[in-house]
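Beneath this line is the structure, given in structure tokens, with notes to follow.
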Protein chains: 2
Amino acid sequence: MSKNTGYEEKLKKSGLKSTKSRKAILDILIKSNQPMAAEQIFIALKEENIDINLSTVYRTLESLENIDMVTKINIMDDDRMLFEYNMLGHRHYLICIGCKKILTIQNCPLGSYEKELENETNFAILGHKLYLYGYCSECQITQTNNK
Amino acid sequence: MSKNTGYEEKLKKSGLKSTKSRKAILDILIKSNQPMAAEQIFIALKEENIDINLSTVYRTLESLENIDMVTKINIMDDDRMLFEYNMLGHRHYLICIGCKKILTIQNCPLGSYEKELENETNFAILGHKLYLYGYCSECQITQTNNK
DNA sequence: CTACATGCAAACCGTTTGCACCCTA
DNA sequence: TAGGGTGCAAACGGTTTGCATGTAG
């Protein structure tokens, strides 16, 4: 008897059945408030004693991506995809190179720039991704100590 | 007797031997002026009748990445890494969703924004990645025709 | 009751690695 | 000629898929 957070509706509206797996995975993603790898989600589920097969996690994430409830990204330029709950559609990331923490940034500095670029290039620009990299305050300290 | 484009020097300076493979791969990357997947490079080499093993391509790209002559990125959020010749250090991309063409953008609209964000977040920001997505002029036409 | 969802195991595919041979410096 | 570079084939790891079974609507 989990509290209805509203996404069951959205699932149904999109023609997806509202199953235990889907609700559990959405819960994890929303709670974490961070992009997560499929396996991280899998582990987080296990920690709550929810047993869902890894391939089901992948399939679920794919379904949720298809109905725009989840977005798949590759932030670190490695071979692991990350998945995040698609709350607001538009967001940017500030990533700590040290501890890998990911901050979400809501305000977007690129409003007028897209227009400019459209004129220059004749592209019809639909969106963009912006990732910023650096060291968070804690990791700046650690870094200093190690040197 | 290939013309010396100057990168042989840089190889040596970095302690890497100047081999046929490394020169050929750098040539391809520079010529293409686009981020390329390892296999694309492999194919491009083959088309010039240069036979280099795929794993050598990967190893070469890794070596070149280590000395900052090449950068590895994931633009399309898929499972293929792309590699590009690291000409200027700082650049952004405008990617056509239709034909997958990638334009490189030199000027960066994020100068002051990073400072702002540093103050807000206490991060020490080292850099960022900006990818813009849309349809190029040709693909806008195609799209219209297909609808 | 039926179509969609899931578990399981095997396949897949881009990438990496161990080892023997090759070639640059 | 020594030590890094390369080819080859096998391993690796994240992700996908085929098939039989389970379950939401």
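Within every chain, numbering begins at 1; the chains are lettered A, B, ... in the order of the sequence lines, protein sequences first and strands thereafter. Heavy atoms only: backbone and side chains are in, while hydrogens, waters and symmetry mates are out. The model shown is predicted, which means the values in this text are computed figures rather than measured ones.
Residues A:D79 and A:S63 both approach DNA chain C. Their nearest nucleotides, taken by heavy-atom distance, put A:S63 toward the 5′ side.
Counting heavy atoms from C-beta outward, B:F83 and B:L64 have side chains that stay 4.5 Å or more apart. You'll find the side chain of A:D51 reaches within 4.5 Å of the side chain of A:K46, heavy atoms only.
Considering only side-chain N and O atoms, A:S21 lies under 4.0 angstrom from the phosphate OP1 or OP2 of C:dT6. Residue A:N53 places at least one side-chain N or O closer than 4.0 Å to OP1 or OP2 of C:dC8. Proximity of B:T56 to the phosphate of D:dG7: a side-chain N or O atom is located under 4.0 Å from OP1 or OP2.
As a whole-Å value, the separation of A:Y58 OH from C:dC12 P is 18 Å. Distance A:D51 CG to D:dG22 P: 16 Å, rounded to the nearest Å. Atom CD1 of A:I67 and atom P of C:dC4 are 15 Å apart (whole Å). To the nearest angstrom, P of D:dG4 lies 15 Å from CG of B:N66. The distance between atom CG of B:L54 and atom C1' of C:dC13, rounded to the nearest whole Å, is 11 Å. A:K13 has its NZ atom 18 Å from the C1' atom of D:dG25, to the nearest Å. The separation between A:I52 atom CD1 and C:dA5 atom C1' is 11 Å, rounded to whole Å. For B:R80 and D:dG13, the CZ to P distance is 22 Å, given to the nearest whole Å.
Across all strands shown, B:N74 has no heavy atoms under 4.0 Å from either base or sugar-phosphate atoms. Residue contacts shown for A:S18 are limited to sugar-phosphate atoms, with no base heavy atom under 4.0 Å away. Residue B:D78 is classed as having no contact, given no heavy-atom separation below 4.0 Å to the nucleic acid. A:K12 comes within 4.0 angstrom of the backbone, heavy atoms only, and of no base.
Side chain A:R59 to base C:dG7: a donor-acceptor pair is found below 3.5 Å. Checked by distance alone, B:T19 brings no side-chain donor or acceptor within 3.5 Å of a matching partner on the base of C:dC23.
Nearest nucleotide to the side chain of B:T60, out of C:dC8, D:dT6, C:dG14: D:dT6. Closest approach to the A:L16 side chain among D:dG14, C:dA9, C:dA5 is made by C:dA5 (side chain taken as heavy atoms from C-beta onward).
Rounding to the nearest 0.5 angstrom, the gap separating the NE2 atom in A:H128 from the NE2 atom in B:H92 is 11.5 Å. Note that CG of B:D68 is 6.5 Å distant from NZ of B:K10, once rounded to the nearest 0.5 Å.
Note that A:K129 lies in the cation-pi zone of B:Y133, set by a 6.0 Å cut-off to the ring centre and a 45° limit from the axis.
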